[in-house]
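Accompanying notes for the structure given below.
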Amino acid sequence: MSEKYNDYKFEIFEYSDDDYPTTKYYYYRIYNDSQQGYIESDGNMFESEQEARFAAIGHISLLEKGEGYD
């Protein structure tokens, strides 16, 4: 389910490690306005959904300042 922060939509995804299926990690995708693609959390995995959500919002704040595209 996508969420919205300011003018950006983002989603939080859950990832399970094949070697340790009970261990879950989370990452985010931020979708741009032009629907040409998305930005992921650059390989960063977070231990909770809430932590990934805060990171996504922080990344969106950087994007709004013209940063965070790398």
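When a residue number appears, it is its place in the shown sequence, counting from 1.
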Partners of Leu62 by side chain to side chain contact (heavy atoms under 4.5 Å, CB included), sequence neighbours excluded?
-> Glu67
Say you draw a straight line from CE of Met45 to CG of Asp17; how long is it, rounded to the nearest 0.5 Å?
-> 9.0 Å
Sequence neighbours excluded, which residues qualify as side chain to side chain contact (heavy atoms under 4.5 Å, CB included) partners of Ser48?
-> Gln50, Glu51
Got a sec, which residues hit side chain to side chain contact (heavy atoms under 4.5 Å, CB included) with Thr22, two or more places apart in sequence or on another chain?
-> none
Could I get the full list of side chain to side chain donor-acceptor pair (under 3.5 Å) partners for Asn6, not counting sequence neighbours?
-> Glu64
Between the OG atom in Ser2 and the CD1 atom in Ile30, the distance rounded to the nearest 0.5 Å is 13.0 Å
4.5 Å side-chain heavy-atom contact, Tyr28 and His59 = yes
Taking everything shown except Phe13 itself, do over 12 heavy atoms lie less than 6.0 Å from its CZ?
-> yes
Taking only residues two or more places apart in sequence or in another chain, which ones pass side chain to side chain donor-acceptor pair (under 3.5 Å) with Glu40?
-> Arg29
To the nearest 0.5 Å, atom OG1 of Thr23 lies from atom OH of Tyr15 at 10.5 Å
Which heavy atom of Leu63 sits nearest a heavy atom of Tyr8, and at what distance?
-> CB-OH, 3.9 Å
Quick one: side chain to side chain donor-acceptor pair (under 3.5 Å) partners of Tyr27, sequence neighbours excluded?
-> none
Which atom names give the shortest non-hydrogen contact between Tyr31 and Glu11, and what distance separates them?
-> OH-OE2, 2.6 Å
With a 4.5 Å heavy-atom cut-off, do Arg53 and Phe46 have their side chains touching?
-> no
